[in-house]
Amino acid sequence: MNTLSVYNPVKIHFGTGLIAETGKIAKKYSDSALIVTGKSSMQKTGTLGRLLKTLQDAGINPTVYDKITPNPTIEQIDEAAGIAREKRIGLVIGLGGGSPLDSSKAIAVAAKGDIPVWNYLKTPAKEALPVITIVSTAGTGSEVNRYSVMTNPETAEKPGFGYECMYPKEAIIDPEIMLSMPPYVTATTGFDVFVHVFEAFTGKARNAFSSAYCMQAFYLLKDNLIKSYGEPDNIEARGNMALASALAGLAIDISGVGIIHAIEHPVSGNYPDIAHGAGLAALTVESMKYNLKACKRDFMLIAHHFGIKRAGKSDDEYAGALIEKTGEILAALNLNIGLKDLGVEKEKLAKIAGEAFTTMGFAVQNNPETAGEKEVLRLLEASY
Ligand code: NDP
Ligand code: MN
């Protein structure tokens with residue numbers, strides 16, 4: 001048997017209304033906090049206001065950095081890190097979806113050093129400011145893992161990175177914050193969870209621990225992915241999706257992602273207006289077909305977890321039924337789309353295929369079926 005090590009130090013708090021406890025939790029780390037958030041959702045819903053209140057009640061001095069865009073850029077991260085350094089801030093609190101949370105971890109690293117955050121792709125980071133994540137989408141799982149994804153707008157590269165010092169200290173998962181997600185955000189972020197579980201479960205680096213997280217996440221997804229989209233006020237469904245998202249985040253922390261993510265990053269890197277989950281939606285069915293042979297038994301097992309009846313189907317038919325089911329899920333989420341629908345230009349496909357290897361090579365390596373640039377380009381064309 002292969003040797004393996006598993007490590008995840010994030011203290012996870014789950015429950016409705018828990019954001020009100022942030023002050024108490026944060027006080028352990030510092031009297032000053034940089035809140036990293038997006039431009040509008042957390043302000044409009046009053047969530048940022050509630051966070052500021054609990055911090056102030058606990059005697060913590062907050063500074064707000066609210067310029068993080070979806071698909072965050074290195075300029076935003078370096079600017080916020082500069083503010084943290086200048087103000088000698090002792091704690092970073094990420095508030096929002098994957099974009100602010102990923103940024104909070106990158107900012108925590110960059111604030112400790114004196115080099116641009118981009119350089120940390122090559123220079124391993126040994127220390128970071130403590131980070132608390134408060135997640136508003138279900139989602140990336142960023143709240144519980146060490147990864148950060150950032151875009152270099154000059155080159156359109158969108159790599160991910162993650163060092164041990166980047167694990168959040170604590171994650172606050174309060175499903176009430178997720179009730180305000182508009183349908184498109186619910187659908188795209190929810191589908192991101194599906195792809196995380198799928199890729200962690202089938203990837204070469206999977207092990208007993210990541211698979212255990214995936215199993216429970218599959219059950220939660222089966223009953224709650226479409227429900228949370230159709231019934232946005234259903235707190236039970238929102239809570240279950242939040243749990244599925246965190247489980248998936250833990251799973252990819254152990255065993256990484258695969259070709260769907262490897263290709264999606266350059267898609268939304270070149271087209272920053274494309275939501276990560278929408279890019280995934282366009283690429284998933286063709287990527288599943290590509291992996292079908294290498295993962296037949298896994299597909300059958302996932303089909304079983306998704307409640308697909310075996311009833312006389314051959315192994316090939318049963319495994320293939322999972323791909324059909326995925327198409328149905330995408331249709332129910334109104335995400336039955338191709339890259340063309342997302343505004344991707346055909347002439348860009350070759351550049352995107354190349355970048356899957358240069359920025360996300362580890363994810364291609366982890367994919368169950370071997371793939372070279374030619375195969376990736378074919379996949380992009382089939383997903384157009
Ligand atoms: P974002 O954080 O980009 O948020 C998407 C949009 O939803 C924004 O416009 C945001 O508004 C809005 N929004 C977020 N939460 C709410 C809410 N509760 N109510 C209303 N509106 C809301 O989305 P994701 O969570 O999908 O994060 C995507 C990023 O994470 C990508 O860069 C992706 O590559 C990365 N990622 C990271 C992973 C990891 O393991 N760390 C894994 C997979 C992806 P506003 O901007 O105003 O806040
Ligand atoms: Mn993802």
Side-chain angles (χ1 to χ4, degrees), residues 10 19 35-48 66-73 76-77 94-106 131 133-151 158-162 166-168 171 173-200 228 232 238 241-242 245-246 248-258 260-269 271-281 283-284 359-360 363:
V10 184
I19 192 173
I35 300 170
V36 176
T37 194
K39 287 187 175 165
S40 72
S41 71
M42 295 298 100
Q43 296 81 336
K44 274 195 217 144
T45 53
T47 313
L48 177 61
D66 61 359
K67 295 190 208 161
I68 301 295
T69 53
N71 300 314
T73 67
Q76 293 158 13
I77 293 163
L95 171 69
S99 299
L101 301 196
D102 280 8
S103 301
S104 68
K105 293 181 255 182
V131 171
T133 51
I134 306 173
V135 60
S136 72
T137 61
T140 63
S142 180
E143 63 276 14
V144 295
N145 68 35
R146 65 193 188 282
Y147 301 131
S148 179
V149 182
M150 56 188 181
T151 298
K158 187 186 173 192
F161 74 117
M166 289 165 70
Y167 281 106
I173 306 174
D174 178 348
E176 242 166 41
I177 301 175
M178 297 169 187
L179 290 172
S180 57
M181 269 193 275
Y184 189 69
V185 176
T186 303
T188 50
T189 58
F191 194 70
D192 191 18
V193 181
F194 177 89
V195 180
H196 290 162
V197 192
F198 184 77
E199 295 206 298
S228 65
R238 292 286 195 188
M241 278 305 293
S245 171
L250 292 167
I252 60 171
D253 195 44
I254 295 171
S255 53
V257 287
I260 311 177
H261 272 81
I263 307 178
E264 195 300 306
H265 279 218
V267 168
S268 52
Y271 297 93
D273 290 340
I274 297 180
H276 171 59
L280 297 173
L283 296 162
T284 295
T359 60
M360 294 289 286

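Every value quoted in this text rests on a predicted model; they were computed, and no experiment measured them. For ligands, and for the atoms within them, numbers begin at 1 and follow the listed sequence. In what follows, every heavy atom counts, from backbone to side chain, and hydrogens, waters and symmetry copies are set aside.
Residue Ile68 has no nitrogen or oxygen atom sitting less than 3.5 Å from a nitrogen or oxygen atom of ligand 1, judged on distance alone. An N or O contact shorter than 3.5 Å is missing between Ser148 and ligand 1 by distance. Close N/O approach between Ser40 and ligand 1 is found [any backbone or side-chain N/O within under 3.5 Å].
At a cut-off of 3.5 Å, with distance as the only test, no side-chain donor of Thr37 or Asp66 sits close to an acceptor on the other residue. Between the side chains of Tyr271 and Asn71, not a single donor N or O lies within less than 3.5 Å of an accepting N or O.
One option in Asp102, Thr140, Thr151 has a heavy atom closer to atom 41 (N) of ligand 1 than any other, and that option is Asp102.
Taking a cut-off of under 4.0 Å to the non-hydrogen atoms of Gly38, the atoms of ligand 1 that pass are 46 (O), 48 (O). Atoms of ligand 1 found under 4.0 Å from any heavy atom of Gly97 (numbered from 1 in listed order, with element): 2 (O), 25 (O). Residue-ligand proximity, Thr137 to ligand 1, at heavy-atom distances under 4.0 Å covers atoms 14 (C), 15 (N), 25 (O).
Ligand 1 lies less than 4.0 angstrom from a heavy atom belonging to His196.
In Asn145, the part holding a heavy atom less than 4.0 Å from any atom of ligand 1 is the side chain. Contacts between Asp192 and ligand 1, counted as non-hydrogen atom pairs separated by less than 4.0 Å, involve the side chain only. Using a 4.0 Å cut-off between heavy atoms, Met181 contacts ligand 1 through both its backbone and its side chain. Contacts between Thr45 and ligand 1, counted as non-hydrogen atom pairs separated by less than 4.0 Å, are absent for every part of the residue.
Within a 4.0 Å radius of atom 4 (O) of ligand 1, the protein has no heavy atom.
Atom 11 (O) of ligand 1 has its closest protein heavy atom at Ser41 OG, 3.4 Å.
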